[in-house]
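These notes are about the structure you will find just below.
By convention here, the first residue in the shown sequence is residue 1.
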Amino acid sequence: MNILKLLDKLSDDSFFTKQTSRLDNLSDLSTFGKKAAVAALPLGLGSFMATSAKAETKTEPTLAMKSALTDALQLALTLEYLEDEYYRIGLQTANLIPNSDKVVFQQISKHEAAHVTFLKSTLTSLGTAPVAKPTFDFTANGAFTPFTNYQQFLTLAQAFEDTGVRAYKGQAGNVMSNGTVLQAALQIHSVEARHASMVRRMRANKGWIELANGGNMPAATNPVYNGEDVTMQAGFNTATAFGAAAGSAAYDEVLTGAEATAIASLFID
């Protein structure tokens with residue numbers, strides 16, 4: 001399956017709202033609103049909701065729900081492939097990463113490798129062949145030189161980590177049918193958020209995103225941060241309470257399948 005087409009299938013909201021056929025589930029794309037709400041729930045409550053939903057539909061066919069689950073895992077695997085290969089190349093490139101920073105990326109690289117192994121194993125256990133690793137072009141057709149310029153290496157590392165955080169959150173709803181996978185996905189999401197915060201601080205940025213401003217990022221990375229200036233959350237105006245910058249930073253937003261596709265396609269041949 002073309003990985004970019006796969007990414008675009010992952011905004012399906014029908015699993016939360018109605019019982020439909022597999023064809024309907026794969027064609028009726030909607031918004032990520034409910035996914036954002038689910039991803040924001042405490043882990044225990046999220047697992048309870050997943051268990052309850054599973055119990056309520058236990059007599060219904062599960063093929064469509066499994067498809068949503070495995071498609072979400074394939075997307076996560078592709079993003080992990082990207083990060084894993086990026087850091088491997090960076091660490092193998094002589095004189096790129098200063099010795100003072102190398103230990104950070106060595107640890108992040110170990111995390112990404114572990115995530116790849118977990119996702120491949122999980123997909124296999126679900127009876128689905130893991131998607132093959134794409135061929136990556138980290139120059140984005142010549143727009144970047146991350147392996148000869150350390151500042152550009154940091155810039156793309158931030159963009160990839162910030163993308164991963166939003167993309168994982170956006171897929172929370174699609175893995176709700178399996179409580180074990182949901183818990184693991186949320187655990188990975190938390191680690192990716194720590195990676196993002198660390199890399200952002202290495203670039204002298206704040207560890208969080210304010211008002212859709214990535215912090216001295218090139219225009220090509222704007223899609224990573226679009227929509228992060230939202231200040232209304234469940235009817236609560238965070239800007240009124242805390243100011244727009246702090247209010248927007250207090251709630252991270254999701255990436256839709258189409259948005260993730262636009263970002264990933266820059267770096268996939």
Quick one about Glu83 and His115 (side-chain donor to acceptor, distance below 3.5 Å, no hydrogens or angles considered), yes or no? no
Evaluate the side-chain proximity of Ile263 to Leu255: yes if any heavy-atom separation is below 4.5 Å, no if none is. yes
Quick check: are there more than 12 heavy atoms from other residues, nucleotides or ligands sitting under 6.0 Å from CG of Asp269? yes
Is the backbone N or O of Thr117 less than 3.5 Å from a side-chain atom of Ser121, with the two atoms forming a donor-acceptor pair by type? no
Over all atoms of both residues, closest heavy-atom pair of Lys66 and Leu126: NZ-O, 2.7 Å
Would Ile89 and Val199 show up in the same hydrophobic cluster when neighbours are defined by side-chain heavy atoms closer than 4.5 Å? yes
How long is the gap from CD on Gln151 to OG1 on Thr145, to the nearest 0.5 Å? 11.5 Å
Any chance you could lay out the side chain to side chain contact (heavy atoms under 4.5 Å, CB included) test for Leu156 and Phe267, step after step, and finish with the verdict? CA-CA 11 Å; Leu156 286 188; Phe267 303 97; 3.9 Å; yes
Test side chain to side chain contact (heavy atoms under 4.5 Å, CB included) applied to Leu123 and Val131, step by step: CA-CA 9 Å; Leu123 282 160; Val131 67; 6.0 Å; no
Any chance the rings of Tyr81 and Phe136 have centres within less than 6.0 Å? no
Should we say atom CZ of Arg201 is surrounded by more than 12 heavy atoms from elsewhere, each under 6.0 Å from it? yes
Any donor-acceptor pair under 3.5 Å linking the side-chain atoms of Gln171 with those of Asn174? yes
Go through Ile108 and Glu161 one step at a time and tell me if the side chain to side chain contact (heavy atoms under 4.5 Å, CB included) criterion holds. CA-CA 10 Å; Ile108 291 177; Glu161 295 294 347; 3.9 Å; yes
Interatomic spacing from CZ in Phe144 to CG in Asn149 - rounded to 0.5 Å: 11.5 Å
Flag the pair His111 / Ile188 as yes when at least one side-chain heavy-atom distance between them is below 4.5 Å, and no otherwise. no
Hey, is CZ on Phe236 packed in by over 12 heavy atoms from elsewhere, all under 6.0 Å? yes
Any ion pair linking Asp162 and Arg200 (charged N to carboxylate O, less than 4.0 Å)? yes
So, does Ser248 use its side chain to make a donor-acceptor pair with the main chain of Asp229 at under 3.5 Å? no
Do Met198 and Val104 make a side-chain contact, defined as non-hydrogen atoms from C-beta onward lying under 4.5 Å apart? yes
Would you say the side-chain atoms of Lys120 pair up with the backbone N or O of Leu77, donor to acceptor, closer than 3.5 Å? no
Does any non-hydrogen side-chain atom of Lys206 lie less than 4.5 Å from one of Glu210? yes
State yes or no: do Met202 and Tyr87 share one hydrophobic cluster built from I, L, V, M, F, W and Y residues joined by side-chain heavy-atom distances below 4.5 Å, directly or via other members? yes
Distance check, rounded to the nearest 0.5 Å: Ile268 atom CD1 versus Thr135 atom OG1? 9.5 Å
Would a distance-only check, ignoring hydrogens and angles, find a side-chain to backbone donor-acceptor pair under 3.5 Å from Thr231 to Ala244? no
Considering all heavy atoms of both residues, which atom of Val254 and which atom of Arg166 are nearest to each other, and what is their separation? O-NH2, 3.0 Å
Locate the shortest heavy-atom distance separating Phe242 from Gly247; write the atom from each residue and the value. CB-N, 4.2 Å
Mind running side chain to side chain contact (heavy atoms under 4.5 Å, CB included) on Gln74 and Thr128 for me, showing each step along the way? CA-CA 9 Å; Gln74 299 282 34; Thr128 299; 3.7 Å; yes
Test item: Ser197 side-chain N/O and Ala193 main-chain N/O as donor-acceptor pair under 3.5 Å: no
Check the angle between the aromatic planes of Tyr150 and Phe105 and answer parallel, tilted or perpendicular using the 30° and 60° thresholds. perpendicular
Can you name the nearest heavy-atom pair linking Ala185 to Val175, along with the distance? CB-CG2, 4.5 Å
Just by modelled atom types, is the Gly215 backbone N or O under 3.5 Å from a matching donor or acceptor in the Arg203 side chain? yes
Between His195 and Glu112, is there a side-chain donor-acceptor contact under 3.5 Å, judged purely by atom types and distance? yes
Does one side chain, of Glu80 or Tyr168, offer a donor that lies under 3.5 Å from an acceptor on the other? yes
Counting neighbours of NZ on Lys102 that are heavy atoms of other residues, nucleotides or ligands and sit closer than 6.0 Å, is the number greater than 12? yes
Looking at the rings of Phe138 and Phe153, which for Trp means the six-membered one, are their centres under 6.0 Å apart? no
Could you state the interatomic distance from CG (Asn213) to CD1 (Ile209), rounded to the nearest 0.5 Å? 9.5 Å
Do Phe160 and Val191 belong together in a cluster built from hydrophobic side chains that touch within less than 4.5 Å? no
Would a 4.5 Å heavy-atom cut-off, applied to side chains only, mark Asn216 and Thr155 as touching? no
If you take all heavy atoms of Leu96 and Pro146, which pair is closest and at what distance? CD1-O, 3.6 Å
For the atom pair CG (Leu75) and OG1 (Thr70), what is the distance rounded to the nearest 0.5 Å? 11.5 Å
Do we see a donor-acceptor contact under 3.5 Å between the side chains of Gln233 and Glu253? yes
Rounded to the nearest 0.5 Å, what separation is found between the CD1 atom of Ile97 and the CG atom of Leu91? 4.5 Å
N/O donor-acceptor pair under 3.5 Å between Ser125 side chain and Thr122 backbone: yes
Nearest heavy-atom approach of Ala113 to Arg88 is CB-NH2, 3.7 Å
Check for a donor-acceptor pair, side chain of Gln158 on one end and backbone N or O of Gly214 on the other, with a separation under 3.5 Å. yes
Any link between Val116 and Leu186 through a network of hydrophobic side chains (Ile, Leu, Val, Met, Phe, Trp, Tyr) touching at under 4.5 Å? yes
